[in-house]
**Student:** 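Below is one structure. I have some questions about it.
Sequential numbering from 1 along the given sequence is applied to the chain's residues.
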Amino acid sequence: MENYVILSIETHLFFARIMREHALFLEAGFPCKDEEWIKKADWFREQFENLLRDTLSISNGRINRCVAESNELVTKFTIPAEKRTECLSGIPIDSELSVMAQNLRPICAREDFRRMIPTVHRLNQRALQLLNGLIDFKESILREVGEGRLFNTNYPLLIQHILREARLYRATIEELMQNKQPSYKNLRKTEEFWNQIMMEHALFIRGLLDPCEEQLIDTADGFAKEYCELLEQAKSQDCKAAGLTEKSLAETLKYREFKEAGADGILNCKIASIILPLLADHVLREANHYIRLLECDCS
């Protein structure tokens with residue numbers, strides 16, 4: 001049951017933060033008149049922030065070194081991006097949670113993880129309940145936007161994108177709770193899922209950059225096409241036989257450099273865009289998460 005405890009904690013450390021930010025991006029995108037939608041998004045933001053806080057409180061010395069060193073939980077841009085986004089949007093963000101995540105120590109000694117099972121099980125049940133509600137909320141936003149009854153500054157494709165990520169989080173927790181011997185090998189979802197996520201990031205970045213940023217727009221478009229090609233290859237070939245995992249890793253390492261430069265440029269007002277600083281950091285962390293999964297698969 002050691003893996004159940006460790007992988008549950010690592011999943012919440014990454015995805016609870018991601019869900020908190022999804023709620024924040026949705027909240028920031030509603031017009032002022034849609035007070036009920038804003039309040040509901042803010043409620044989910046608070047609930048996932050609380051889930052992240054409670055997970056952090058039991059995480060020290062209980063995560064794998066590869067996760068602690070992956071920069072998928074926080075990057076050097078996260079805290080400045082949170083502070084700037086809070087200032088720009090007026091939405092509160094508890095950056096102390098990022099400080100806690102920065103200071104997490106990996107597993108350094110053996111311990112009896114069995115005593116942690118009830119606490120972790122309660123966290124998992126709580127996450128599932130929240131995710132069911134958040135998924136319903138995102139589906140309702142997508143439906144209302146699609147039928148012309150609601151406006152949000154986020155693209156409909158972006159709402160579909162964050163809905164898929166919430167469903168992946170839920171499926172991962174469900175699998176953890178059902179599997180008595182969980183491992184990353186059987187928890188890791190397909191490269192197709194994450195290559196699609198990376199492709200859509202490029203499409204969003206391309207669409208949110210100011211039209212004057214022609215070179216960056218062309219670069220983002222190039223990444224979107226590269227991931228689209230990887231997706232097409234995966235449909236027609238065996239991923240292992242074709243070396244697609246290695247290709248995905250090489251592409252995502254290059255993409256991470258682009259995202260790092262973008263996060264730095266947006267944070268320091270060197271890039272013209274309508275991208276919130278925290279969104280730039282958010283997509284960087286997701287690339288770091290994917291790189292860790294790919295590196296585990298290649299090793």
Side-chain angles (χ1 to χ4, degrees), residues 7-8 10-22 25 48 66-67 70-73 124 127-128 131-132 134-135 138-139 142 154-179 182-206 220 223-256 258-259 279 282-299:
L7 297 184
S8 294
E10 291 174 348
T11 298
H12 294 310
L13 287 175
F14 176 72
F15 273 112
R17 178 181 293 270
I18 293 295
M19 295 302 116
R20 175 186 72 162
E21 291 167 358
H22 286 176
F25 301 147
F48 279 102
C66 61
V67 173
S70 66
N71 291 318
E72 67 187 78
L73 305 181
N124 287 343
L128 284 179
L131 283 163
N132 286 335
L134 182 63
I135 287 167
K138 289 175 176 177
E139 287 174 339
L142 193 59
N154 296 293
Y155 291 122
L157 180 61
L158 189 144
I159 300 170
Q160 292 173 3
H161 173 97
I162 64 176
L163 183 53
R164 282 196 301 277
E165 290 182 357
R167 288 171 177 157
L168 174 65
Y169 184 13
R170 180 172 66 182
T172 301
I173 295 301
E174 287 174 340
E175 188 174 347
L176 278 165
M177 295 179 76
Q178 292 164 8
N179 188 351
S183 70
Y184 271 123
K185 185 174 181 180
N186 57 30
L187 280 174
R188 188 164 51 249
K189 303 306 171 183
T190 63
E191 288 170 40
E192 183 178 355
F193 176 90
W194 284 107
N195 280 344
Q196 182 170 351
I197 293 294
M198 295 298 115
M199 180 187 72
E200 290 172 353
H201 284 174
L203 295 173
F204 302 144
I205 291 167
R206 182 186 70 183
F223 279 114
K225 289 174 181 175
E226 291 289 340
Y227 279 106
C228 183
E229 187 175 323
L230 287 169
L231 287 166
E232 289 301 315
Q233 289 179 35
K235 289 177 184 176
S236 58
Q237 302 175 50
D238 177 79
C239 291
K240 292 291 185 185
L244 288 177
T245 298
E246 289 80 4
K247 290 179 183 178
S248 293
L249 177 57
E251 187 66 23
T252 309
L253 287 168
K254 287 191 298 181
Y255 196 20
R256 175 170 64 183
F258 175 72
K259 287 181 171 180
L279 177 57
H282 177 101
V283 298
L284 172 59
R285 278 181 271 117
E286 290 192 347
N288 287 335
H289 175 74
Y290 185 30
I291 286 167
R292 175 176 65 81
L293 297 182
L294 287 168
E295 287 178 338
C296 288
D297 208 33
C298 289
S299 59

**Student:** Could you work out, with ring-ring contact (aromatic ring centres under 6.0 Å, His included) as the rule, every residue matching F223, not counting sequence neighbours?
**Tutor:** Y255, F258
**Student:** Listed by chain and number, what are the ring-ring contact (aromatic ring centres under 6.0 Å, His included) partners of H201, not counting sequence neighbours?
**Tutor:**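 Checked H201 against ring-ring contact (aromatic ring centres under 6.0 Å, His included); matches are H161.
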**Student:** Can you see which heavy atom on F14 is nearest to which on L73, and at what distance?
**Tutor:**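 For F14 and L73, the tightest heavy-atom pair comes out as N-CD2, 3.8 Å.
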**Student:** Would Q196 and E200 count as having a side-chain donor-acceptor pair, cut-off 3.5 Å?
**Tutor:** yes
**Student:** Which atom names give the shortest non-hydrogen contact between T252 and A287, and what distance separates them?
**Tutor:** CG2-O, 4.0 Å
**Student:** To the closest 0.5 Å, what do you measure between CD1 (I162) and CD1 (I197)?
**Tutor:**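 If we round to the nearest 0.5 Å, I162:CD1 and I197:CD1 are 10.5 Å apart.
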**Student:** Any side-chain heavy atom of Q160 within less than 4.5 Å of one from L157?
**Tutor:**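 Sidechains of L157 and Q160: in contact.
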**Student:** Do K138 and E165 make a side-chain contact, defined as non-hydrogen atoms from C-beta onward lying under 4.5 Å apart?
**Tutor:** no
**Student:** Quick one: do E10 and R292 make a salt bridge, cutoff under 4.0 Å?
**Tutor:**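 Between R292 and E10 there is no salt bridge, as every charged N stays at least 4.0 Å from the carboxylate O atoms.
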**Student:** Evaluate the side-chain proximity of Y290 to E191: yes if any heavy-atom separation is below 4.5 Å, no if none is.
**Tutor:**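 Of all side-chain heavy-atom pairs linking Y290 with E191, at least one is under 4.5 Å.
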**Student:** If you define the side chain from C-beta out and look only at heavy atoms, does anything of K254 sit under 4.5 Å from E251?
**Tutor:** yes
**Student:** Which atom names give the shortest non-hydrogen contact between A224 and A202, and what distance separates them?
**Tutor:**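 Shortest heavy-atom contact: N-CB, 3.6 Å.
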**Student:** How long is the straight-line distance from CG of L7 back to OG1 of T172, given to the nearest 0.5 Å?
**Tutor:**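 CG of L7 is found 10.0 Å from OG1 of T172.
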**Student:** Y169 and side-chain contact (heavy atoms from CB on, under 4.5 Å): which single residue from I135, I18, L134, L131 fits?
**Tutor:** L131
**Student:** Between CG of L294 and CG of N195, what distance do you get to the nearest 0.5 Å?
**Tutor:** 7.5 Å
**Student:** So which heavy atom on L142 is nearest to which on P156, and how close?
**Tutor:** CD1-O, 3.5 Å
**Student:** Should the pair E229-K247 be classified as a salt bridge under the 4.0 Å nitrogen-to-oxygen rule?
**Tutor:** no
**Student:** Which distance, rounded to the nearest 0.5 Å, do you find between the CE of M199 and the NZ of K225?
**Tutor:** 13.0 Å
**Student:** Quick one: are N154 and F204 in side-chain contact, heavy atoms under 4.5 Å?
**Tutor:** no
**Student:** List for me each residue that meets ring-ring contact (aromatic ring centres under 6.0 Å, His included) alongside F48, sequence neighbours excluded, and say none if there are none.
**Tutor:**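 Not a single residue meets the ring-ring contact (aromatic ring centres under 6.0 Å, His included) criterion with F48.
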**Student:** With a 4.5 Å limit on heavy-atom distance, are the side chains of R285 and H289 in contact?
**Tutor:**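 When only atoms from C-beta onward are counted, H289 and R285 do not touch, as no gap falls below 4.5 Å.
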**Student:** Using 4.0 Å as the upper bound for N to carboxylate O, is an ion pair formed by R167 and E139?
**Tutor:** yes
**Student:** Identify the heavy atoms of I173 and H12 that sit nearest to each other, and give their distance.
**Tutor:** CD1-CE1, 3.3 Å
**Student:** Do R17 and H282 come close enough that some side-chain heavy atom pair is under 4.5 Å?
**Tutor:**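 Counting from C-beta outward, R17 and H282 never come under 4.5 Å.
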**Student:** How long is the span from the CD1 atom in I291 to the CG atom in L253, to the nearest 0.5 Å?
**Tutor:** 4.5 Å
**Student:** Looking only at non-hydrogen atoms, find the nearest pair between S70 and N288 and report the distance.
**Tutor:**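 Smallest heavy-atom distance, with atoms named: O-CB, 3.4 Å.
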